[in-house]
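The structure appears below as structure tokens.
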Amino acid sequence: MDVFEPIVLTSGLFLHNRLIKAAMEENMANEVQQPGSDIFNLYTAWAKGEMGAIITGNVMVDPQAMTGPGGIALHANSELAPFTEWAKLSKKHGVKIIMQINHPGRQTYRSLGGKTIAPSSTPLELGKHSSMFSQPETMSETDIQDVISRFAITAKKAEEAGFDGVQIHAAHGYLLSQFLSPLVNKRQDKWGGKIVNRSRLLIEIVCSVKKAVSTRFSISVKLNSADFQRGGFDITDAILVVQQLEKMDVDFVELSGGSYEAPAMQGRSADDRTLAREAYFLEFAKSIALQTTLKIMTTGGIKRLAVANQVRNEHIDLVGIASAMAYKPDLVRIWKTNAEALGFTPKVDWKNKTLAALATMALVRRQLQRLGRSKVPKQNASALFSLIQDRIRLAKLTKRYKKNVLGK
Ligand SMILES: Cc1cc2nc3c(=O)[nH]c(=O)nc-3n(C[C@H](O)[C@H](O)[C@H](O)COP(=O)(O)O)c2cc1C
């Protein structure tokens, strides 16, 4: 099996090949949380990359609840023109563009001062770094219905703007992943308890998104294969959720893992389970793929074509690549003529796991910013310097966000 073989998804969406640029939050929005020139430059670079599809960094469904101060939000009152421009230039060379849509739930920085809601009031546990995050409020039924309708509105507007599909983010410890996790979701109503209840919000959101868009619009879901925390969402839960999604005819499920508390998506496991050095979630994806007819994608640790083909040979339909595409936006195009070309991903092996995870993100984000200024990415950037620079930049963006969006 070959990653360069084309594929037609259930919605009818045609992809030239199976290599997908996975979501990376850019934190590069303009002053009103919309895509602007930096985002356009970055996506112009990716558009020439010849991958099957680009999945955007997560776009927020509620501007009051952001994963970061430079994030993009698309909601009922958003002006559509910048999003139309974003979709148009991303598709210029035939690559498909899928918008990832998300709500952070309790994974919102306290400094942002927005609205922090979650299935239950369980705060994030990050040892001495826990105070970086707000204490969440338990969601009321009204909050739940509001979130469902927001996902549908954002998806509808994404289609109007010319995107080929949306990916609903239900992984990495954000709101939908919080509902799925028995460690975070302590509810005793129909939204908590057994997995059919914990998955209800995700399923209702998929339903309402389906109603809001045309049948030709691609809908996919990013899901954890496991949370990598004892007592958390596990592979048995993941299989049941994938089987529910199979009945709903979504185009594919992207399997990842972890959360801010246990950043398995960076190859770090908090419950002592070993993840592969490359293609971290392949073993999980293989087991899940055996239990479903749904198309499966997996992302995490892939930077060599041989590994991408190994994933494909295990009957995984789509191969996701994130960090390596920040360092080489044209990696897929390079692989077409040089199969041995190595992608680059940063590794930060500091003792303090939280800081190491933040520094890894900072290093990658710095490359996105360089591409946004039409500069070449830098493989030898210092982790410490990037982390400090990232924190200063985020502090400035936080001030801007509070003033412009929250009016504080
Ligand atoms: C800077 C950065 C931002 C990210 N933002 C998102 C995001 O918005 N949504 C998402 O699902 N995953 C996000 N991720 C995770 C990636 O999609 C991917 O799952 C993870 O980085 C592992 O893949 P990789 O080893 O190819 O980087 C982000 C990763 C990085 C490095």
Side-chain angles (χ1 to χ4, degrees), residues 23-44 46-47 54-91 96-105 107-109 112-117 142-169 174-176 205-206 208-214 217-220 222 368 372 397-408:
M24 276 184 283
E25 181 181 58
E26 308 85 8
N27 246 297
M28 282 160 51
N30 67 13
E31 60 287 351
V32 284
Q33 315 304 136
Q34 288 173 343
S37 56
D38 289 4
I39 289 282
F40 298 156
N41 286 336
L42 170 62
Y43 279 77
T44 298
W46 276 326
I54 297 171
I55 302 178
T56 68
N58 59 179
V59 169
M60 301 298 118
V61 299
D62 182 352
Q64 307 270 329
M66 306 285 294
T67 52
I72 295 171
L74 177 59
H75 52 98
N77 303 326
S78 298
E79 186 199 341
L80 212 56
F83 292 90
T84 310
E85 177 64 16
W86 189 13
K88 195 174 105 193
L89 61 88
S90 304
K91 287 162 60 156
K96 300 300 188 303
I97 178 87
I98 294 172
M99 181 189 285
Q100 187 185 64
I101 57 179
N102 190 22
H103 189 296
Q107 287 189 163
T108 0
Y109 290 99
L112 277 180
K115 185 166 83 182
T116 308
I117 51 173
T142 313
D143 291 328
I144 291 177
Q145 294 307 326
D146 177 62
V147 164
I148 295 173
S149 72
R150 281 179 184 278
F151 272 91
I153 290 167
T154 304
K156 188 172 190 312
K157 293 197 87 152
E159 182 171 29
E160 281 166 15
F163 284 80
D164 295 301
V166 284
Q167 180 180 65
I168 298 165
H169 197 351
Y174 293 113
L175 184 69
L176 303 185
I205 285 173
V206 175
S208 67
V209 166
K210 281 199 120 177
K211 280 188 202 138
V213 301
S214 76
F217 192 62
S218 173
I219 301 173
S220 57
K222 186 158 179 171
L368 301 181
L397 290 175
T398 299
K399 266 194 192 159
R400 188 186 80 174
Y401 166 76
K402 282 172 125 169
K403 183 165 166 268
N404 293 350
V405 180
L406 302 181
K408 286 186 185 171

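Along the sequence shown, the residues carry numbers beginning at 1. Heavy-atom basis, side chains included; hydrogens, waters and symmetry copies ignored. What you see is a predicted model, and the numbers here were worked out from it, not measured in a lab.
Atom-to-atom distance recorded for L175:CG and T116:OG1 is 11.0 Å, nearest 0.5 angstrom. Distance NZ/K156 to CZ/F217: 11.0 Å, rounded to 0.5 Å. To the nearest 0.5 Å, the span separating CE on M60 from NE2 on H169 amounts to 8.0 Å. In this structure, CG in D62 is found 7.0 Å from CD1 in I117, a value given to the nearest 0.5 Å. How far OG of S149 is from CD1 of I205: 9.5 Å, rounded to the nearest 0.5 Å. Atom NE2 of residue H103 and atom OG1 of residue T67 lie 10.5 Å apart, to the nearest 0.5 angstrom.
Using a 4.5 Å heavy-atom cutoff, the side chains of F151 and L176 are in contact. Counting only heavy atoms from C-beta outward, the side chains of Y401 and M66 approach each other to under 4.5 Å. Residues K399 and P69 fail the side-chain proximity criterion, which asks for heavy atoms closer than 4.5 Å. Under the 4.5 Å side-chain criterion, counting only non-hydrogen atoms from C-beta, I168 is in contact with I219. With a 4.5 Å cut-off on side-chain heavy atoms, S218 and D164 do not count as touching.
Atom NZ of K91 is surrounded by more than 12 heavy atoms from other residues, nucleotides or ligands within 6.0 Å. Summarising the local packing, NZ of K157 is surrounded by more than 12 heavy atoms from other residues, nucleotides or ligands at distances under 6.0 Å.
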Can you give the donor-acceptor pairs under 3.5 Å from side chains of residues 70-77 to other protein atoms, not counting sequence neighbours?
residue	atom	partner	partner atom	Å
H75	ND1	N77	N	3.4
H75	NE2	S78	OG	3.4

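Residues forming a side-chain hydrogen bond (donor to acceptor under 3.5 Å, both in side chains) with N27 (at least two apart in sequence, or on another chain): E25.
Contact detail for A161 and A87: the closest heavy-atom pair is O-CB, 3.6 Å. The two atoms that bring L406 and G113 nearest to each other are CD1-O, 3.4 Å, heavy atoms only. Considering all non-hydrogen atoms of both residues, F40 and P35 come closest at CZ-O, 3.7 Å. Scanning both residues, G372 and N41, for their nearest heavy atoms gives O-ND2, 2.8 Å. Nearest heavy atoms, P82 versus Q34: CG-OE1, 3.5 Å. Closest non-hydrogen pair, V405 versus Q64, comes out as O-NE2, 4.4 Å.
For E31 (side chain) and R400 (main-chain N/O), no donor-acceptor pair under 3.5 Å exists by modelled atom type. Using a distance-only test at 3.5 Å, with no hydrogens or angles considered, a donor-acceptor pair links the side chain of E26 to the main chain of G57. A distance-only check finds a donor-acceptor pair linking the side chain of T56 to the backbone of Q100 [under 3.5 Å].
Ring-plane geometry between Y43 and W46 is classed as perpendicular, the angle between the planes exceeding 60 degrees on a 0 to 90 degree scale with a lower cut at 30.
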